[in-house]
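Take a look at the structure below.
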There are 2 protein chains.
Amino acid sequence: MNDKPILSLRLDFHSGLPIYIQIMNQIEQQVSGGVLKADTQLPTVRALAAELRVNFNTVARAYRLLDEAGVISTQQGRGTYIIEKPPPEVEKKLRSQTLEALARQYIGEAKRLKFSDAEISQMMKAQLKSWEETQETNLE
Amino acid sequence: MNDKPILSLRLDFHSGLPIYIQIMNQIEQQVSGGVLKADTQLPTVRALAAELRVNFNTVARAYRLLDEAGVISTQQGRGTYIIEKPPPEVEKKLRSQTLEALARQYIGEAKRLKFSDAEISQMMKAQLKSWEETQETNLE
DNA sequence: TGACAATCATACAATTAGTACAATTCTGAG
DNA sequence: CTCAGAATTGTACTAATTGTATGATTGTCA
């Protein structure tokens with residue numbers, strides 16, 4: 001049993017602070033502290049759970065909250081990864097630029113495929129509307 | 001032994017979009033965009049898999065879906081080819097599917113960055129309007 | 001003791017990888 | 001020229017790895 005220090009977390013089981021909160025906090029700290037860099041894959045829920053001697057659902061819960069907080073990205077069947085997160089002030093300044101770049105990228109591709117402005121904005125409208133329901137990947 | 005970019009695909013392993021979907025979407029785009037012409041042989045599942053550093057079954061899955069969609073023709077023992085002439089209805093469907101995929105890609109990214117629906121569609125509107133003028137300065 | 005949050009157990013779903021196989025093409029001995 | 005066998009290509013099925021969903025259990029505290 002080689003104890004590989006996948007991710008070094010110090011849990012206090014008697015602190016009264018829920019485990020999943022402790023996990024969440026410490027990962028957040030390590031991310032903002034630069035210990036965990038963008039695109040780094042975190043241990044799987046099972047691996048981390050084994051290392052911490054807790055149920056993997058507890059880890060999953062922490063991961064889910066971190067995902068909702070935009071710190072990490074969890075993907076079924078693939079794994080969990082740190083998300084690039086720009087500093088707060090820079091983020092605000094860059095936000096609209098980022099969205100603009102995204103929009104222009106979309107428009108550029110669509111234009112290249114000879115779609116009209118009407119088609120482009122119509123599809124955008126439709127997909128925005130049906131986003132929640134059709135979260136499933138577009139398979140068909 | 002420079003790895004020739006047989007088929008230039010850009011995979012994002014952390015986007016949340018499955019690899020096989022990304023492969024499928026991008027090939028669809030290149031076909032409907034005219035980058036990949038009829039009768040062109042695509043890389044073999046193994047070659048493309050090696051280039052993308054994924055399992056060849058992942059590529060095979062994308063190929064199979066594209067085959068079922070009538071975009072390509074996969075032939076055991078021979079290879080994979082762009083369909084000579086996509087049936088009109090397939091082409092039409094393909095075009096709209098492609099646009100849909102593009103739109104969802106944009107929305108997905110924007111959502112991930114916590115932009116609201118309003119912001120997303122507003123930016124789209126604005127960029128569509130200013131597309132022509134700003135194109136001169138943004139030629140690739 | 002009862003309510004509620006935290007944790008755990010179990011079953012499930014999605015994605016990718018592994019292995020064996022079948023169809024086709026290529027190659028070279030005869 | 002022919003044909004056996006290797007090489008190449010896609011296919012099918014299965015296994016492994018990952019996160020998800022849901023309900024049961026446990027523990028704490030008013």
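Just so it is clear, the structure is predicted and the values come from calculations on it, not from any experiment. Below, read A as the first sequence line, B as the second, and so on, with proteins coming before strands; counting in each chain starts at 1.
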Gap between atoms [atom1] and [atom2], on [X] and [N] respectively (whole Å):
X: Leu48(B); N: dT9(D); atom1: CG; atom2: P; answer: 13 Å
X: Tyr63(A); N: dT17(D); atom1: OH; atom2: P; answer: 17 Å
X: Asp67(A); N: dT20(D); atom1: CG; atom2: P; answer: 7 Å
X: Leu17(A); N: dT28(D); atom1: CG; atom2: P; answer: 15 Å
X: Leu65(A); N: dA5(C); atom1: CG; atom2: P; answer: 14 Å
X: Leu66(B); N: dT11(D); atom1: CG; atom2: C1'; answer: 16 Å
X: Glu68(B); N: dG10(D); atom1: CD; atom2: C1'; answer: 14 Å
X: Tyr81(A); N: dT17(D); atom1: OH; atom2: P; answer: 15 Å

Inset, instruction - Look at all strands and tell whether Arg64(B) reaches a base, only sugar-phosphate, or nothing, counting heavy atoms closer than 4.0 Å. - result: nothing

Side chains of [X] and [Y]: does their closest heavy-atom pair fall under 4.5 Å?
X: Tyr106(A); Y: Gln127(B); result: no
X: Leu66(B); Y: Ile23(B); result: no
X: Gln30(A); Y: Leu7(A); result: yes

Inset, instruction - Evaluate side-chain contact (heavy atoms from CB on, under 4.5 Å) for Leu113(A) paired with Leu102(B), printing each intermediate quantity in order. - result: CA-CA 11 Å; Leu113(A) 299 176; Leu102(B) 276 176; 4.2 Å; yes

Legend entry - Stretch residues 69-79 of chain B: residues that reach within less than 4.0 Å of DNA chain C through a heavy atom: Gln76(B), Gly77(B), Arg78(B)

Inset, instruction - Would you indicate, yes or no, if dC8(C) has its OP1 or OP2 atom less than 4.0 angstrom from a side-chain nitrogen or oxygen of Thr58(A)? - result: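 For Thr58(A), the contact criterion (side-chain N or O under 4.0 Å from OP1 or OP2 of dC8(C)) is met.
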
Where the side chain of [X] meets the backbone of [Y], is there a donor-acceptor pair that is under 3.5 Å apart?
X: Arg78(A); Y: Phe13(B); value: yes
X: Lys37(A); Y: Gly34(A); value: yes
X: Glu28(A); Y: Val71(A); value: no

Legend entry - Result of checking Thr80(A), Ile19(A), Leu48(A) against Val59(A) for side-chain contact (heavy atoms from CB on, under 4.5 Å):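 Among Thr80(A), Ile19(A), Leu48(A), the one meeting side-chain contact (heavy atoms from CB on, under 4.5 Å) with Val59(A) is Leu48(A).
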
Inset, instruction - Return the 5'-most residue of the pair Arg46(B), Asn55(B) with respect to DNA chain C, ranking by each residue's nearest nucleotide. - result: Asn55(B)

Legend entry - Shortest side-chain distance from Val45(A), nucleotide among dT7(C), dA11(C), dG19(D): dG19(D)

Inset, instruction - Decide yes or no, distance alone: a donor-acceptor N/O pair under 3.5 angstrom between the base of dA12(D) and the side-chain of Asn57(B). - result: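 Pair found.
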
Legend entry - Residues in contact with DNA chain D, drawn from residues 18-25 of chain A - heavy-atom cutoff 4.0 Å: none

Inset, instruction - Give a yes or no on whether Lys125(B) atom NZ has more than 12 heavy-atom contacts from other residues, nucleotides or ligands under 6.0 Å away. - result: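 No, NZ of Lys125(B) has 12 or fewer neighbouring heavy atoms, counting only those of other groups under 6.0 Å.
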
